[in-house]
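Below you'll find the structure, written out as structure tokens, and then a few comments.
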Amino acid sequence: ITKVIEPVLKRNAGSIYYINISQDDFKLGGSSFAQILNKIGNEAPTVKDASYVKTIFNTIQKLIKDAYIVAGHDVASGGLITTLLELCFAYNNLGGELNLSALSVKASITLLFSENAGIVIQSKDASIESVLKSAEIEFFNIVKVTESNLLSNKNNTDNFNLNILKLRDSW
């Protein structure tokens, strides 16, 4: 193992991208969020295309090898919001401005807590976008890293802030 990508956002290192590996709609069935509500749910996300997963895996491995990716984290237990918070927990004054409107999901709770197989990566620069496009990988530029202790969230008309320091203490 010669290349390691840590699950920690880097200051001044570029944009944050989300890739929905599952290619499924966002669903809360079987999620940690549903469990805390003492529910199971009717629909859980699934992976729609195994060959797409292979394409993503191989492309991401190449991007890591070529030093385009500086940070990354899987989206799994707890959903996208848990992933984003964990990426911010390692340092003080490291947060982000999150805009999820491009994902076209109206319900912020569903979007943030759905456990669709996915990844969040930070790229050193925007040239990663041409590589992802040429591999036919759908991606969304969702976060601008900030030097604050807030993760500000925008999804269509929803706007709210999460205090990273308080949430890290609760974690």
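- The main-chain N or O of Asn156 is found under 3.5 Å from a side-chain atom of Lys154 such that the two form a donor-acceptor pair.
- Residues meeting the side chain to side chain contact (heavy atoms under 4.5 Å, CB included) test with Ser123, sequence neighbours left out: Tyr17, Ile128.
- Under the 4.5 Å side-chain heavy-atom criterion for Ile, Leu, Val, Met, Phe, Trp and Tyr, Phe139 and Leu80 are members of distinct hydrophobic clusters.
- Taken to the nearest 0.5 Å, the CG atom of Leu63 stands 4.5 Å off from the CD1 atom of Ile69.
- Gln122 pairs by the side chain to side chain contact (heavy atoms under 4.5 Å, CB included) definition with Leu9, Lys10, Ala13, Ile16, Val70, Ala71, Val145, not counting sequence neighbours.
- Each side-chain hydrogen bond (donor to acceptor under 3.5 Å, both in side chains) pair with one or both residues in residues 69-81, not counting sequence neighbours, appears once here: His73-Glu86.
- In this structure, the side chains of Phe26 and Asn20 come closer than 4.5 Å at one or more pairs of heavy atoms.
- Considering only residues two or more places apart in sequence or on other chains, Tyr52 meets the ring pair (Phe, Tyr, Trp, His ring centres under 6.0 Å) condition with none of them.
- For Asp66, the side chain to side chain contact (heavy atoms under 4.5 Å, CB included) partners two or more places apart in sequence, or in a different chain, are Lys62, Tyr68.
- Considering only residues two or more places apart in sequence or on other chains, Leu165 meets the side chain to side chain contact (heavy atoms under 4.5 Å, CB included) condition with Asn92, Asn149, Asn163, Arg168.
- Sorted by first and then second residue, the side-chain hydrogen bond (donor to acceptor under 3.5 Å, both in side chains) pairs involving residues 35-46 (not counting sequence neighbours) form an empty list.
- Not a single ring pair (Phe, Tyr, Trp, His ring centres under 6.0 Å) links Phe140 to another residue, sequence neighbours left out.
- Judged by distance alone, the side chain of Asn153 and the main-chain N or O of Leu151 form a donor-acceptor pair under 3.5 Å.
- Listed by chain and number, the hydrophobic cluster partners of Phe57 come to none, as no ILVMFWY side chain reaches under 4.5 Å of it.
- Under a 4.5 Å side-chain heavy-atom cut-off, the cluster of Ile, Leu, Val, Met, Phe, Trp and Tyr residues that includes Leu150 has no other member.
- By the salt bridge (charged side-chain N to carboxylate O under 4.0 Å, His left out) test, Lys65 is found to be paired with no residue, residues two or more places apart in sequence or in another chain being considered.
- Annotation for Ile164 and Gly95: closest pair CD1-CA, 3.5 Å, computed over non-hydrogen atoms.
- Note that the OG1 atom of Thr55 and the CG atom of Asp49 stand 8.0 Å from one another [nearest 0.5 Å].
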### Message
Run Glu115 and Ser32 through side chain to side chain donor-acceptor pair (under 3.5 Å) and show every step you take.
### Response
CA-CA 8 Å; Glu115 296 178 357; Ser32 298; 3.0 Å; yes
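- Contacts of Asn116 classified as side chain to side chain donor-acceptor pair (under 3.5 Å), with partners at least two apart in sequence or in another chain: Ser22, Ser114.
- Cluster annotation: Ile121 is not connected to Val75 through the hydrophobic network of ILVMFWY side chains, with a link wherever side-chain heavy atoms come within less than 4.5 Å.
- To the nearest 0.5 Å, atom CG of residue Leu98 and atom OH of residue Tyr18 are 12.0 Å apart.
- The shortest side-chain heavy-atom distance between Ile19 and Ile60 falls under the 4.5 Å cut-off.
- Closest approach of Thr146 and Glu97 over heavy atoms only: CG2-CG, 3.7 Å.
- Scanning all heavy atoms of the two residues, the minimum distance from Asn155 to Ala107 falls at ND2-C, 4.2 Å.
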